[in-house]
Amino acid sequence: MPIVTNARVLFNDVPKGYPEPGRTTVYDTSLEIDVEKTLPDGGFLIKTLVLAIDPYMRHRMRDRTVKSYMPAFERGQPLENFGVGVVLRSEHSSVSAGDHLYGLFPFQEYFVSKDPGPFRVLDNKEHLPWSTYVGVCGMPGQTAHHGWREYARPKKGDVVFVTAGAGTVGATVIQLAKMQGLKVIASVGSEEKVSFISSIGANVAFNYKTDSTLDILEKEGPINMHVPSSSGESLEAALETAAVDACFIECGMISGYNEEPYYVKNLDRIFKQGIQLCGFAVLRLQKWDDEFYKTIPGMVSRGEIQYSENVKRGLEHVGQAILDVQVGRNKGRTVILVQDE
Ligand SMILES: NC(=O)c1ccc[n+]([C@@H]2O[C@H](COP(=O)([O-])OP(=O)(O)OC[C@H]3O[C@@H](n4cnc5c(N)ncnc54)[C@H](OP(=O)(O)O)[C@@H]3O)[C@@H](O)[C@H]2O)c1
């Protein structure tokens, strides 16, 4: 292969509110690479195949002086998120040419890494599309699985309220809860998403933009579990309708990522109802990874867990895709197919 463009997507500026494609992130084609001659220099050369667009990326588009649980993106450097790539050439003893690696990738078509530590070699014996490994079989699927395994205490007759139900986290939780025979109430932001979550088993599926979450929960609750969380308003309604000893498994609050957060007014319900509030970031629950890889890809390949993907081809679509996830225009996992194998 001759010298080719090594396209990237760079972080350019902190958004004021929602991300702006072309300003807060920039598609850059100034680099070139000789794929046949580039030496990995003791490491390995990776060709990026797929990259995920996740809601939390907005959180990393902040000023570097603001501390948080994940580092801020660096201005002028590629964005970073979960991806799958194939090793083209390796000089490292624990990585071989042809291996498919999963982990945090720079948004760049080709890159050299010296450290295999942060990557997982995927065996993919189910022959699933690589895109599933950044979705239902990757970080967001792990968020649903690990959070459920760590915190959920399902009992016969329990009612679960799932927000952002059409996303990978929410849709996986809906299906895990249904497998345990629970009643699932789930909210989403469009009629198309209502159809999707009904099709995967939600007993009560509603559009929180047109129906009152509080009214629905008062009618269909009280609720014993709440996962994940998309907005302060839905958390407030969930607290208001929680049963005694309810468990709230909280992993996100997307409504506050781009706008002033909504401040929940009824936190007194936590002690009045004896609610257990469990917040988590999935990277702190890696003890569940082995069980996840042993069970979930098989369930996905057998159709026992369904998923939805919103696929864009080419790094030039990254900026718009990031915005679309923040405003809810995605349905399911947004995946960038960077290049064919
Ligand atoms: N703690 C962790 O380790 C961890 C890991 C992964 C994900 N998460 C969190 O889990 C949640 C779901 O993640 P996902 O990857 O499955 O994303 P997702 O559901 O595919 O995408 C985010 C969805 O959030 C909804 N949304 C956007 N703005 C909203 C608003 N103002 N109010 C209510 N809902 C809004 C939209 O769906 P609608 O059209 O239905 O509103 C949008 O499609 C996110 O909050 C994410 O940050 C946490």
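Order of listing sets the numbers, starting from 1, for every ligand and every atom in it.
- Of all atoms in ligand 1, listed by their number and element, those nearer than 4.0 Å to a heavy atom of Gly167 are 16 (O), 18 (P), 19 (O), 20 (O).
- In this structure, atom 5 (C) of ligand 1 lies nearest to the protein heavy atom Thr143 OG1, 3.1 Å.
- The Ser230 neighbourhood of ligand 1 comprises atoms 33 (C), 34 (N), with distances under 4.0 Å to a heavy atom of that residue.
- Looking at Lys183 and Glu220, a side-chain N of the basic residue comes within less than 4.0 Å of a carboxylate O on the acidic one, giving a salt bridge.
- Neither the backbone nor the side chain of Glu259 comes within 4.0 Å of ligand 1, counting heavy atoms alone.
- Residue Gly189 has at least one N or O atom closer than 3.5 Å to an N or O atom of ligand 1.
- Scanning the protein heavy atoms around atom 36 (C) of ligand 1, the nearest turns out to be Gly328 CA, 3.6 Å.
- Considering backbone and side-chain N/O of Tyr257, one or more are found under 3.5 Å from N/O of ligand 1.
- Residues Phe292 and Cys137 share a closest heavy-atom pair of CE2-O, 3.3 Å.
- The salt bridge (Lys or Arg N to Asp or Glu O under 4.0 Å) check on Lys155 picks up Asp158, with sequence neighbours excluded.
- A search for salt bridge (Lys or Arg N to Asp or Glu O under 4.0 Å) contacts involving Arg8 returns Asp28, not counting sequence neighbours.
- For ligand 1, the atoms lying closer than 4.0 Å to a non-hydrogen atom of Phe280 are 1 (N), 2 (C).
- Numbered from 1 in the order shown, with element, the atoms of ligand 1 that lie under 4.0 Å from a heavy atom of Ser255 read 30 (C), 31 (N), 32 (N).
- With ligand atoms numbered from 1 in the order given, ligand 1 contributes 40 (O) to contacts under 4.0 Å with heavy atoms of Val188.
- Under 4.0 Å is where a charged nitrogen must lie from a carboxylate oxygen, and between Asp290 and Arg120 at least one such pair does.
- What sits closest to atom 43 (O) of ligand 1 on the protein, heavy atoms only, is Asn330 OD1, 2.6 Å.
- In terms of N/O distances under 3.5 Å, ligand 1 is approached by Arg333.
- Residue Tyr208 touches ligand 1 through its side chain alone, judged by heavy-atom distances below 4.0 Å.
- Within the structure, ligand 1 lacks Gln142 among the residues with a heavy atom less than 4.0 angstrom away.
- Side-chain contact annotation: Glu250 with His226, donor-acceptor N/O pair under 3.5 Å present.
- In summary, the atoms of ligand 1 found under 4.0 Å from a heavy atom of Gln326, numbered by their order in the structure, are 27 (C), 28 (N).
- One side chain, Ser94 or His92, offers a donor N or O that lies under 3.5 Å from an acceptor on the other.
- The backbone and the side chain of Val282 each have at least one atom closer than 4.0 Å to an atom of ligand 1 (non-hydrogen atoms only).
- Using a cutoff of 4.0 Å between basic side-chain nitrogens and carboxylate oxygens, Lys331 and Asp324 are not scored as salt-bridged.
- Residue Lys193 approaches ligand 1 through these ligand atoms, each under 4.0 Å from one of its heavy atoms: 37 (O), 38 (P), 39 (O), 40 (O), 43 (O).
- To the nearest 0.5 Å, the span separating OG1 on Thr5 from OH on Tyr110 amounts to 10.0 Å.
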Check against side chain to side chain contact (heavy atoms under 4.5 Å, CB included), Met225 and Arg153: CA-CA 9 Å; Met225 262 190 277; Arg153 300 163 299 176; over 6 Å; no
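- Here's the thing with Ser231: none of its N/O atoms is less than 3.5 angstrom from an N/O atom of ligand 1.
- Rounding to the nearest 0.5 Å places SG of Cys247 at 9.5 Å from OH of Tyr151.
- The shortest N or O to N or O distance between Cys251 and ligand 1 is below 3.5 Å.
- Using a 4.0 Å cut-off between charged nitrogen and carboxylate oxygen, Glu150 and Lys287 count as a salt-bridge pair.
- In terms of protein heavy-atom proximity, atom 7 (C) of ligand 1 is nearest to Val169 CG2, 3.8 Å.
- Within the 4.0 Å heavy-atom shell around ligand 1 one does not find Ala166.
- The shortest non-hydrogen separation linking Val95 to Ser90 is O-OG, 2.7 Å.
- For Asp54 against Arg333, the heavy-atom pair with the smallest separation is OD1-NH1, 2.6 Å.
- Among Thr334, Ile53, Val325, Ile254, the residue whose heavy atom lies nearest to atom 25 (C) of ligand 1 is Ile254.
- Counting heavy atoms closer than 4.0 Å to ligand 1, residue Pro55 contributes side-chain atoms (C-beta onward) but none from N, CA, C or O.
- At a threshold of 4.0 Å, the pair Arg60-Glu80 counts as salt-bridged, since one of the basic side-chain nitrogens sits closer than that to a carboxylate oxygen.
- The pair Glu291-Arg149 meets the salt-bridge criterion, since a charged nitrogen lies less than 4.0 angstrom from a carboxylate oxygen.
- Within ligand 1, the atoms closer than 4.0 Å to a non-hydrogen atom of Gly252 are 45 (O), numbered from 1 in the order shown.
- Contact between Met139 and ligand 1 is present, with at least one heavy atom of the residue lying under 4.0 Å from the ligand.
- Residue contacts with ligand 1 for Arg329 are absent, since no atom lies close enough (heavy atoms, distance under 4.0 Å).
- For atom 11 (C) of ligand 1, the closest heavy atom belonging to the protein is Pro228 CG, 4.4 Å.
- Polar contact with ligand 1: present for Thr168 (N/O pair, distance under 3.5 Å).
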